[in-house]
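Inspection log for the structure reproduced underneath, given as structure tokens.
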Amino acid sequence: MLPATRELSHATRVIGTAGHVDHGKSTLIRALTGIDPDRLREERERGMTIDLGFAWLTLPDGTDVGIVDVPGHQDFIRNMLAGIGAIDAVVLVIAADESVMPQTREHLAILSLLGIERGVIALTKRDLVDEEWAALVVDEVRSALGPSALADAPLIEVSATTGAGLDALTRAIAEVLGVAPLRRDLGRPRLPVDRAFTLAGFGTIVTGTLLDGVLGTGEEVELIPSGRRARVRGLQTHRRAIDTARPGSRVAVNLTGVDKAELARGMVVVRPGSLVATSIMSARLQVLATASAPLVHGDLVRVHAGTAEAMARVSVLEGAEIAGGASGWAQLRLQSPLAVAVGDRLVLRRPSPSETLGGGVVVDVTGGRARRRADAAADLERRSAPSPAKRALATLDEPRTAQEIAERAGLGADERDAALAELEAEGDLVTIGDAYLSRAAFESLARRAERSLAMAHRKAPLRSGLPREEVRAAVGLSAKRWGAFLEELLKARRVLVRGAALALPSHEVRLEPAQEARWARARGALLAAPLQPPTPAQLEHEYGIDRELLAALDERGEIIRLGNEAAFLPDAVRSFADAVIRELAEAGTITVARARDITGSSRKHVLPLLGFLDDHGITRRSGDDRILVLDPAAATAKVARTMHREDR
Ligand SMILES: Nc1nc2c(ncn2[C@@H]2O[C@H](COP(=O)(O)OP(=O)(O)O)[C@@H](O)[C@H]2O)c(=O)[nH]1
Ligand SMILES: [Mg+2]
């Protein structure tokens, strides 16, 4: 390749030929461009196009036009399909002497399945027929085009032999391309490979029509589906070296780091990680009225997408079949993965007897298995909605990142951002962390959280709430999303934090009358000996205060549990702390024995109480003694604060 010099400043376009074998497609391209698209020796020997051929011309306005010449013979339809997908306009070639033939009609049907709606009709070999015959053929051609998007396409009578009509044809092509929309740039380039070869001195080259983004020299790329990495060493369009290739142009990419043996038609060159191959996709399928049989649930078909093809089993999602002339939702289970994006067009053929069956538009590539066929069809219907906002919203039944939304809804970055802004303005969107969720989906998750809490509160009225992790599991969110989701619930005060648990705001730990009575008796016993109270075990055996009730009392702030072995009334803890702090203010240190003596307690009870003061940073050990961490006033204030449950 020559050193890269510039980026093409003017538009680049791609057109393709179509039409029956021997109607003069390749000859016409040669006459228009001086380039023979039949590049294989076998093609030249047999005088017939077998594989795709490539040529280019520059229109008077400077537009560069790449040309893909396709074979017309029915045996090579699959090669035709690999080349025709990404063109801006078609030159449908019909020989004036033979008129409309079977592959004229088949190619016409394929163009319509692929959504190629712009083009020019070239009535070739005009030198072979007279006026009257030509007029009859024009009539027949117009009626064959009748139901198609090309019904009103300009029809130019030409002869490659005499050169008649060639200028008019070029002008007609220029006019059609002049009104064709520019190719979209989604910032996610992909190059479906239609040729892979080696060139002495350069190594491996792949060619194709670049889609959806700009590709530059030096970029690292990934080959899908193999996952192989390579680097772009050089780029050419129409034999000129360029630094950057634009979407919608024919590109030859010189790759380093990969062997020819690892490259083949059907692969897609992408930025690493920007596209993955899928084995299950869903599409709205249209079966041609000319199909010899309906498309039946379980049928095996060949799927053509971009330059790739794969066998697939069809799951019809509505009814058992899609009849000729009808359309319906279907899932395709591919026998080998294909790299396609939402919005891509497919063509379906039957392997034998070989026949073009129909095609469709890809609506889902995530491979999600539908629970019920009817649900799946309804879901796909929503996701193929015409407005970008509606399509984006249909993906938000689960939290999704901006990137995921774009991929699932088949939207470019700008379209997606506009769609999200619109949904936001309508109040249909909830943001949780780096993801978005529809308002309806957020509500249903929030209600799930509330329901799980309401049930937990009913089952365990004495418990402060349900551990966060259990609420998360009930909601079914990943740990990654849960934090942001919970924050929304807390902000809206639909849920409150209770220590390590969550609770509904309406939840209060409430004792039953019998429990209240038991607690009154126990409280009497605790009051009778505040610093030598019964242990939790005694409270249970003698007063019926079981662990759960004790936890509830602790929750209510009626009692302070210190580990499993001790429980005190809050006043008892406070008076013990006051006495210890007073002693420390005077003596500087205190021993366990001294603490026991000045409070009239016992060693067994003093140990957990001193531990409590240590744990809250009021005292600390120094050898066998304890000393104050804070000055006495601060220590007293801290004890008071510590009595409040929230701070413990
Ligand atoms: N007389 C005449 N012959 C033509 C013309 N265009 C093509 N042919 C001949 O038709 C045959 C088939 O042409 P080709 O370009 O290979 O057809 P394709 O299969 O559609 O590509 C060749 O023998 C050509 O020389 C034309 O305008 N006039
Ligand atoms: Mg040909």
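Order of listing sets the numbers, starting from 1, for every ligand and every atom in it.
- The shortest separation from a heavy atom of V21 to ligand 1 is under 4.0 Å, placing the residue in contact.
- Using a 4.0 Å threshold on non-hydrogen atoms, atom 23 (O) of ligand 1 does not count as touching the protein.
- At the shortest separation from atom 14 (P) of ligand 1 among protein heavy atoms lies T27 OG1, 3.4 Å.
- In summary, no N, O or S atom of M48 is located under 2.8 Å from the Mg ion (ligand 2).
- Remark: ligand 1 atoms within the under-4.0 Å shell around heavy atoms of S159 are 27 (O).
- Remark: the backbone N or O of V70 is paired with a side-chain donor or acceptor of T17 at under 3.5 angstrom.
- For atom 16 (O) of ligand 1, the closest non-hydrogen atom of the protein is G47 O, 3.9 Å.
- In summary, the side chains of R105 and Q103 do not present any donor paired with an acceptor at a separation below 3.5 Å, with no hydrogens or angles considered.
- Heavy atoms of T124 found under 4.0 angstrom from ligand 1: none, in either backbone or side chain.
- Here the options are R184, R271, R183, the test is salt bridge (charged side-chain N to carboxylate O under 4.0 Å, His left out), and the partner is D212; only R184 passes.
- Of all the heavy atoms of T17, none lies under 4.0 Å from any atom of ligand 1, so neither backbone nor side chain is involved.
- Judged purely by atom type and a 3.5 angstrom limit, R118 has no side-chain atom pairing as donor or acceptor with the backbone of A153.
- Residue contact check for ligand 1: H23 places a non-hydrogen atom closer than 4.0 Å to it.
- A salt bridge does not link R284 to D364: none of the charged side-chain nitrogens sits closer than 4.0 Å to a carboxylate oxygen.
- If you number the atoms of ligand 1 from 1 as listed, the ones under 4.0 Å from a heavy atom of S26 come out as 15 (O), 21 (O).
- Between the side chains of R233 and T256, no donor-acceptor pair of N or O atoms lies under 3.5 Å.
- The closest approach between a heavy atom of G72 and any atom of ligand 1 is not below 4.0 Å.
- Side-chain atoms of T237 and D64 include no donor-acceptor pair closer than 3.5 Å.
- Ranking the protein heavy atoms by distance from atom 2 (C) of ligand 1 puts T161 OG1, 3.1 Å first.
- Close approach to D127 involves these atoms of ligand 1, each under 4.0 Å from a residue heavy atom: 1 (N), 2 (C), 26 (C), 27 (O), 28 (N).
- A donor atom on one side chain and an acceptor atom on the other are found under 3.5 Å apart for S292 and E355.
- The OG atom of S26, the Mg ion (ligand 2) and the OG1 atom of T49 define an angle of 90° (nearest 10 degrees).
- Not one N or O on the side chain of H297 forms a donor-acceptor pair closer than 3.5 Å with the backbone of S315.
- The distance from the Mg ion (ligand 2) to the nearest N/O/S atom of T17 is not under 2.8 Å.
- Nearest non-hydrogen protein atom to atom 8 (N) of ligand 1 is K125 CE, 3.7 Å.
- Side-chain contact check for R250 and T209: at least one donor-acceptor pair (N or O, by modelled atom type) lies under 3.5 Å.
- Look at L128 and you'll find a heavy atom under 4.0 Å from some atom of ligand 1.
- Of the possible donor and acceptor atoms, one in the side chain of R391 sits under 3.5 Å from a partner among the backbone N and O of A409.
- Side chains of M48 and P71 form no contact here, defined as non-hydrogen atoms less than 4.5 Å apart.
- Here the protein heavy atom with the shortest distance to atom 12 (C) of ligand 1 is D22 OD1, 3.2 Å.
- Considering only non-hydrogen protein atoms, atom 17 (O) of ligand 1 sits nearest to G24 N, 3.0 Å.
- Judged by distance alone, the side chain of R231 and the main-chain N or O of G218 form a donor-acceptor pair under 3.5 Å.
- Among all non-hydrogen protein atoms, the one lying nearest atom 27 (O) of ligand 1 is A160 N, 2.8 Å.
- Atoms of ligand 1 found under 4.0 Å from any heavy atom of K25, numbered from 1 in the order shown, are 15 (O), 17 (O), 18 (P), 19 (O), 20 (O), 21 (O).
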